Protein chains: 2
Amino acid sequence: MPRPSLKDQRSAEILDAYLTCVAQFGLEGATQDRIAAQAQVKRPLLRHYLGNRDQMVAALNDHVINTFNAKTRDLVQALDTVETPLALVDLLFVDTKEHDPRLLLAWQALTATAPEHPDRGAALLDSLDQFLIALTDTLRRLAPEATPATLRAVAQGISSAFVTLDSLSPLAPPPNWRAELRQAALLLTRCLEDAA
Amino acid sequence: MPRPSLKDQRSAEILDAYLTCVAQFGLEGATQDRIAAQAQVKRPLLRHYLGNRDQMVAALNDHVINTFNAKTRDLVQALDTVETPLALVDLLFVDTKEHDPRLLLAWQALTATAPEHPDRGAALLDSLDQFLIALTDTLRRLAPEATPATLRAVAQGISSAFVTLDSLSPLAPPPNWRAELRQAALLLTRCLEDAA
DNA sequence: CCATTTATTGTCATTTTTGACAAATAATGA
DNA sequence: TCATTATTTGTCAAAAATGACAATAAATGG
């Protein structure tokens, strides 16, 4: 009997616009006016759907972590069908259509506020840890002989190269940097084969 | 005959306080009030020494790039006395007394504004490239047989691990992450020895 | 002591950003 | 049609941040 609610859809649209602004202007630079313009809505709607500023930041934090974790789960699915380290690396560094740098840029922007919001910081750290665990598990399957310490080190190295690539995107680095970071990840996987 | 100028010293102090605030609150969150409080001066002094907001950001950009480049030059000096890959890695990942995470955090915060200020972005990219070149040169000396492409890839991998470490610092990651990233860098250097 | 230059502080107006609420519009079921 | 609920917009006040300028204090050379 009431009017049907668009809350979920509109909230998602606004969060996406928020994400864009944070990636572009930083967390404090993402003003409500900019978000509203990006989302093509009037400013009071932001409050209607997401609440005041603190609640908006909290909502963004949840959104970033949720989609990051979802991406990790998708990656796990894709990784399960992977049989070679090369395929794993290409999944991260070549198949770049799916990956949207805004997510990691916002992740980093939120990271800066972690000292003031320990709960948020813990969730951010955990989301990255899930990604590392997914990488480590896959690497273990591909190289069962490698020691746990080596597997973790390789996963950390690949992860850092992957994260660095997104964090550099605003600088428009020369294209060979992507190739070089991919190559670094590939070299790390070779270390596992040597151990086997 | 005039009163002696403290401009250089005061400017440096204020820039250091600015750096602290940007690392903590982001570029847009580093308000003049916070900077003044951090520097223990009155707000109008910021304007007196560094100018208006845009000029302050430009000054910070120069400061970050200059000190980053200075750190790179110091590193080159230290690297010249290094004879093993292990020593190189420990210089970056263990001898952490010298390194102050604020610098790279501010570097990343400024990076986000690069699309709007291409000149700043170019300078930021160049400062990172200098660091990469320094790493590559040292690696070439330690492993003359390695191909140029491999040297660059290893340098990129080490650099990304190093940068990641600082960017995670607000999250207070578990200490073994540092060890794992160091190990990843170490494994990359092993790839050079294999090639030789 | 005097003149000159700089450091430092005080203060105000303007702009930007946010918070909050009221009113209007639209859609659905009864 | 009517009542109900949700969406959307309009508007105002408060707070935060910046820009700009005047005025005072301090130090140096002559």
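Basis for what follows: all heavy atoms, side chains included, without hydrogens, waters or symmetry-related copies. This structure is a prediction, so every number in the text was calculated from the model and none was measured. Each chain gets a letter, A, B and so on, in the order its sequence line appears, and its residues count up from 1.
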* Quick one: side chain to side chain contact (heavy atoms under 4.5 Å, CB included) partners of Ala134(A), sequence neighbours excluded? -> Thr72(A), Val76(A)
* Pro44(A) side chain, from C-beta outward: closest of dT8(D), dC21(C), dT11(C) -> dC21(C)
* Asked: Any ring-ring contact (aromatic ring centres under 6.0 Å, His included) pairs touching residues 24-59 of chain A, not counting sequence neighbours?
  -> none
* Structure fact -> Residues passing the salt bridge (Lys or Arg N to Asp or Glu O under 4.0 Å) test with Asp126(B), sequence neighbours excluded, are none
* Asked: Is a donor-acceptor contact shorter than 3.5 angstrom present between the side chain of Arg43(A) and the base of dG10(D)?
  -> no
* In residues 30-42 of chain A, which ones come under 4.0 Å of DNA chain D, going by heavy atoms? -> Lys42(A)
* Asked: What residues, two or more places apart in sequence or in another chain, satisfy side-chain hydrogen bond (donor to acceptor under 3.5 Å, both in side chains) together with Ser169(B)?
  -> none
* Asked: Taking only residues two or more places apart in sequence, or in another chain, which ones meet Arg53(A) in a salt bridge (Lys or Arg N to Asp or Glu O under 4.0 Å)?
  -> Glu28(A)
* Asked: Who are the salt bridge (Lys or Arg N to Asp or Glu O under 4.0 Å) partners of Asp74(B), not counting sequence neighbours?
  -> none
* Asked: Can you name the salt bridge (Lys or Arg N to Asp or Glu O under 4.0 Å) partners of Arg182(A), sequence neighbours left out?
  -> Asp90(A)
* **Gap between atoms CG and C1', on Leu45(A) and dG10(D) respectively (whole Å)** => 12 Å
* Residues within residues 46-58 of chain B bordering DNA chain C, heavy-atom distance below 4.0 Å -> His48(B), Tyr49(B)
* Can you list the steps and then say if Phe162(B) with His99(B) is a ring pair (Phe, Tyr, Trp, His ring centres under 6.0 Å)? -> CA-CA 11 Å; Phe162(B) 179 70; His99(B) 256 138; 5.0 Å; yes
